Amino acid sequence: MTRSIIPLLMFLSISPAYALTPNEWQFRQTIDVATPGLVQVDVPAETLNIARPDLSDLRIIDANAKEIPFLVDQPMPRSESMMQAKDFRAEIASTETRLLITTGTDLAIAGITLETPAGANFIKSVRVEGSSDQKNWQPLTTDAPIFSMRTGASRLDMHFPEGTWEFLRVFVDDNRTAPVPWTGARLIIAGSTAPVDSVPVAIKSRDENPGMTRLGIELAAANLRIASIRIATPEPVFTRPLTVAASELSEEKLHEQTLSSAVLYRVDLNGKTEAHLDIPLEKQVSGRELVLLIDNGDSPPLSISEIRAERRITRLLFFASTAGPHILLSGNTQCDAPRYDVSQLGGQLRRVPAGETQVGPPVLNSGYDATANLPQAFSLGAKIQIAAWKFRKPVQILKPGVQQLELDLDVLARSAPDLRDLRVVSEGAQFPYLIERTSIERTVNLAAAVANNRDRPKISRWRLTLPLAAIPITRITCASDSTLFERSVRVWEERTDERGNNYPSELAQTTWRRLPNQRPLPLVTSLQHSPKGDTILIETDNGDNPAIELHDFRAYYSVTRLIFASPVSRPIALYYGNDEVGAPRYDAKLMATQLLRSERTAAALGTQESLKSEPISESLTGAARYIFWGVLAIVVIALLIVISRLLPKTA
């Protein structure tokens, strides 16, 4: 095969390729080829960071600036597969359960997974033996832990050295706990591995919210295909569900999309520690940031000392007809994807021995023609008339580039609920932006006061005052020092309809229980919708029990950011407060890739400025409303009497 493919590669290497102008590529890297022939080079993370996500802008040229065809090779592992065993038999002895499994396959088996009805709670150790004739048994694993917990953590699989077995025998130790009903077994068919490389990971932020820890981690580069993430923690025993998410464009906004979920744990099984701290991902991350959401439930936050990541290796295979320096070009957003005939030889080419070499660091192409590439400025948009906007805030930029601007309470409360009226403006022109919805939560201070109603003595009520009306809060928490109670809790606000009549609008309703042996946890209630005003009422139905005292009221809202590109030399302001304007239409899809892969700088908002007075719209309530309508009726009657006297009398 090698003899037949090498001449073909030589022919392809001397065949004319597409016309190429190196000055249209922004970066170049040197590949030192020691000897002619098939060359294999690993693409470093620095190159992946500056290239397109699909690597369609990569080009290789020789010393004469002649384009050389190449093949992109991304070795991926073959995942382990599951197969139902042909036959399964269970037998309960005095101190153990014996399982006899007939595999029914000649494939390499790397382990088994036992099946049991849901809801079981146990920790046991097992040993597994293999045989081809049920006479000579070979031990495969001993003291392997299996368990299932009500928290959701479980391990029912046992791995052992790959091999072909017609029969498997499993012994489950029942010395300490009662036997478990086993209903079946699945065979783990061996897969294959693929090379990985470690990726530097930095923890950028940590946000603690009730029952949830949010970690923002930064990768060393964008466009990495992350194989797995591993956390390091000193906690001796724990179980935590964990979710990995990344910002992706959806409906013209950036949302945190879930990439993978897993249950991490470290348990003590008969003096032996068993841990699962890896989260398999196998996803390409277009940006440089990932979000880890750790569900703490009612447990304290988990201490995280380190986070590690591994990425899949990407290789380039090409035939060098001569030795010497070759150039790898990258950084061109306008070029078409290459179409080489060598790509049809991929399956054979990957099996041919190739000389390995290294690629140098990326450097700026001295002859780069920026006009031939996509301008970096998605920065300047159309002109805009800002006379209809009510408020603005100056935006403080530290350095030019991609900006990350967190919206504060003033903007969130006074802009449209869907944020369609936000505009980033400089010198009469608007900057296109993306809205990023995050899982970060901020706390809102609440002023609390008792507001009991004498006509309802069994109801305890508190009035909570927000700093501004219409803040988009998503949940409210409070605490109580009582040790034993069960209360129905209702959260609502008072609204006024078009006629001036008041009515209650329910925001949330839940039941709060606490037993003497429980840890005193706060009440956490999620709101069905955000309040319209600045006053919220929370009440508990005490029934015939003594009232419980509530304190430490807190409200939470989700952080929303604007992502845009901007120079530092221009004064920039954020305009908001225009109910009649529609949502802007920017080329968000074109911006998303560039903005996600770029390093962001945190911008800040200045002091709010009022651009036009707000109309006074106060609704009359209570006695004032009846006085108003009464006076209006008297005036109308008086006018009718005067008009009737002025009319000419009939004969």
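For clarity, every value in this text was computed on a predicted model and none was experimentally measured.
Crowding of Asp418 atom CG: a count of heavy atoms from other residues, nucleotides or ligands under 6.0 Å exceeding 12. Around atom CD of Gln358, no more than 12 heavy atoms belonging to other residues, nucleotides or ligands sit under 6.0 Å away.
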Practice item. Evaluate the side-chain hydrogen bond (donor to acceptor under 3.5 Å, both in side chains) criterion for residues Thr357 and Asp32: first the C-alpha distance (whole Å), next the side-chain angles of each, then the deciding distance (0.1 Å), finally the verdict. Key: CA-CA 7 Å; Thr357 186; Asp32 291 323; over 6 Å; no

Review point. Passes side-chain contact (heavy atoms from CB on, under 4.5 Å), Asp295 versus Thr213? Steps please.
Key: CA-CA 7 Å; Asp295 186 356; Thr213 298; over 6 Å; no

Practice item. Report the C-alpha separation of Val363 and Arg28 in whole Å, then their side-chain angles, then the decisive distance to 0.1 Å, and conclude whether the side-chain contact (heavy atoms from CB on, under 4.5 Å) test is met. Key: CA-CA 6 Å; Val363 296; Arg28 58 189 296 152; 3.8 Å; yes

Practice item. For side-chain contact (heavy atoms from CB on, under 4.5 Å), just list the numbers for Leu434 and Leu562, CA-CA rounded to whole Å, side-chain angles, deciding distance to a tenth of an Å, and then say yes or no. Key: CA-CA 6 Å; Leu434 290 174; Leu562 297 187; over 6 Å; no

Check your understanding: Could you walk me through whether Ser247 and Arg561 pass the side-chain contact (heavy atoms from CB on, under 4.5 Å) check?
Key -> CA-CA 12 Å; Ser247 291; Arg561 300 167 175 162; over 6 Å; no

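Residues Tyr265 and Phe238 keep their aromatic ring centres 6.0 Å or farther apart.
The CD1 atom of Ile231 sits 5.5 Å away from atom CG of Leu302, with the distance rounded to the nearest 0.5 Å.
The existence of a salt bridge linking Asp54 and Arg52 is excluded, since no basic side-chain nitrogen approaches an acidic carboxylate oxygen closer than 4.0 Å. A salt bridge does not link Arg308 with Glu310: none of the charged nitrogens is closer than 4.0 Å to a carboxylate oxygen. Between Arg442 and Asp207, at least one side-chain nitrogen of the basic residue sits less than 4.0 Å from a carboxylate oxygen of the acidic one, meeting the salt-bridge criterion. A salt bridge is absent between Arg266 and Glu235; no separation between the charged side-chain nitrogens and carboxylate oxygens falls under 4.0 Å.
Using bins of under 30°, 30° to 60° and over 60° for the plane-to-plane angle, the ring pair Phe318/His326 lands in the tilted bin.
Exactly one residue among Glu436, Arg437, Arg214 makes a side chain to side chain contact (heavy atoms under 4.5 Å, CB included) with Glu256. That residue is Arg214.
Donor-acceptor pairing under 3.5 Å is recorded for the side chains of Tyr586 and Gln430.
Side chain of Asn209 to backbone of Met212: no donor-acceptor contact under 3.5 angstrom is found.
Sorted by first and then second residue, the salt bridge (charged side-chain N to carboxylate O under 4.0 Å, His left out) pairs involving residues 196-205 (not counting sequence neighbours) are Asp197-Arg311, Lys204-Glu289.
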